[in-house]
Amino acid sequence: MAARRSPSSPQPHDDVGRHGAPSPDQTTGATTIGVIGCGDILYRSVLPALHIAGESLRVVGCCDPDGARLRRATDALAQLSPGARGYDHLAQLLAAERLDGVLNLTPAPLHAEVTQVALESGIHVYSEKPLASTPDAAWSLARLADERDVRLQCAPAIMAAPRFRWLKQIVAERRLGKPTLAVGQYANLGPAAIDDYRGNPAVHYGSDVGPLVDQGVYVLHAMTGLLGRARRVQALAAQAIPVRRVRCGHTKAEAVKLECNDHILIHLELEDGILGQVLSSFAVPATRARALEIHLTEGSIGLDDWQDANRSIDVFRDDEHGLAGWVDDLPAGRFAAPTNDLVAVGVLHFIAVLSGRESSLLPAAHACHVLEIIDAVNISIRERSQVAIAPTPEHRQGDARATEAR
Ligand SMILES: NC(=O)c1ccc[n+]([C@@H]2O[C@H](COP(=O)([O-])OP(=O)(O)OC[C@H]3O[C@@H](n4cnc5c(N)ncnc54)[C@H](O)[C@@H]3O)[C@@H](O)[C@H]2O)c1
């Protein structure tokens, strides 16, 4: 499915700044995408996903201002899609190639700016998380995508993962009664302590990222994706480990100074009075607590490992006729992803949506709401208060549509 180009968008041309062989003619009908940002996640998760997508996909180009990274990525992508070319700047990529969509894999503080440029040229975008730095900036991108009639999707791909698609059905159909409480955490020492992390971990400990934007979003996407919007937030935070030593990559052994809170504790009031509790931390050396538990009136659900899309689920059924007990290691059901890697699942879902094989499970509006929660959390920490989250006009429209459909 080719994206519509706006009349003012740049047209393909032969230009400077390219790396790699000339691109072939477009005769295959495959979805064409470009990659923006060629760092750690490209090799860790995205390239494997693009390989799984196979012939239904053609990667026509990539861009990165870092020459060495760009050359390496262009070579790797050209092995997958012969003719893939590299560009120093996004504008060159957009001007030179006919793209259906792009993957925005730049560092978090650049996401909104890069996504806006891509949407303005009339192409579909899959953004790594967060969609933007503020909810207002995120909603502007969502509106821009609507105006241009293009898809804007955002990681984390929680709700596209097989086990969450399955859980959503269990919860929606009230098969374990009414949900009442969710308890979740994403807690570790952050990317400076990951032994094989090749990117720049310092950005994650900066004032505009931190554990909640980087990892807590997985928990927030899961809770709100399964149980509905957050209405009210109360949070506490602290700085626990002020300096880190990088364990891997090109900044190995360098000190990273903490500029954010590295312990964040959140209480949430969700729709229908459901309560949520979240720990988001870059200051937990190890934990055996579950990633997520959901308690319902007739049972409980528990799961581990946010990054494993196919990881099993444990379910306790509170059966009054004596059959009460846990069923451990339930397979995620009939939806099995072709890879366990959640980041790769998000990329594959985006490609499936562009080619019309799946409907969008990772809409921008959900990512906007998660940013509203993060904004409320920050206010609550600063002002030591409970913060209400008012529904936006987009939420109210969505509610009206849902009521009409019932
Ligand atoms: N690495 C992981 O395990 C992981 C997991 C989940 C999500 N993510 C997300 O993926 C994104 C990228 O992470 P990473 O670990 O690959 O970071 P990274 O620092 O390794 O790579 C980012 C790349 O973007 C390039 N870049 C910077 N400005 C650019 C611009 N204007 N245009 C194009 N490229 C530009 C950089 O030169 C660099 O090569 C982040 O948002 C991160 O949160 C990463």
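Everything numeric here is computed off the predicted structure, so don't read it as measured data. Order of listing sets the numbers, starting from 1, for every ligand and every atom in it.
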Query - Sidechain N-carboxylate O distance under 4.0 Å for Arg311, Asp305 - result: yes
**Report entry** Amino acids in close contact with ligand 1, where any non-hydrogen atom sits under 4.0 angstrom away
**Finding:** Ile36, Gly37, Cys38, Gly39, Asp40, Ile41, Arg44, Cys63, Asp64, Pro65, Asp66, Arg69, Leu105, Thr106, Pro107, Ala108, Leu110, His111, Glu128, Lys129, Tyr197, Gly199, Asn200, Asp214, Tyr218, Val343
**Report entry** Listed partners of Phe164 passing ring-ring contact (aromatic ring centres under 6.0 Å, His included), at least two apart
**Finding:** none
Requested in this report: Return yes if a side-chain donor-acceptor contact under 3.5 Å exists between Glu293 and Ser300, otherwise no.
Outcome: no
Query raised in the report: Do Gln234 and Val377 have side-chain heavy atoms sitting under 4.5 Å apart?
Result: no
Report task. Using the test side-chain hydrogen bond (donor to acceptor under 3.5 Å, both in side chains), find all partners of Asp308 that sit at least two apart in sequence or belong to another chain. Result -> none
Query raised in the report: Taking only residues at least two apart or on different chains, which pairs with a member in residues 180-190 satisfy salt bridge (Lys or Arg N to Asp or Glu O under 4.0 Å)?
Result: none
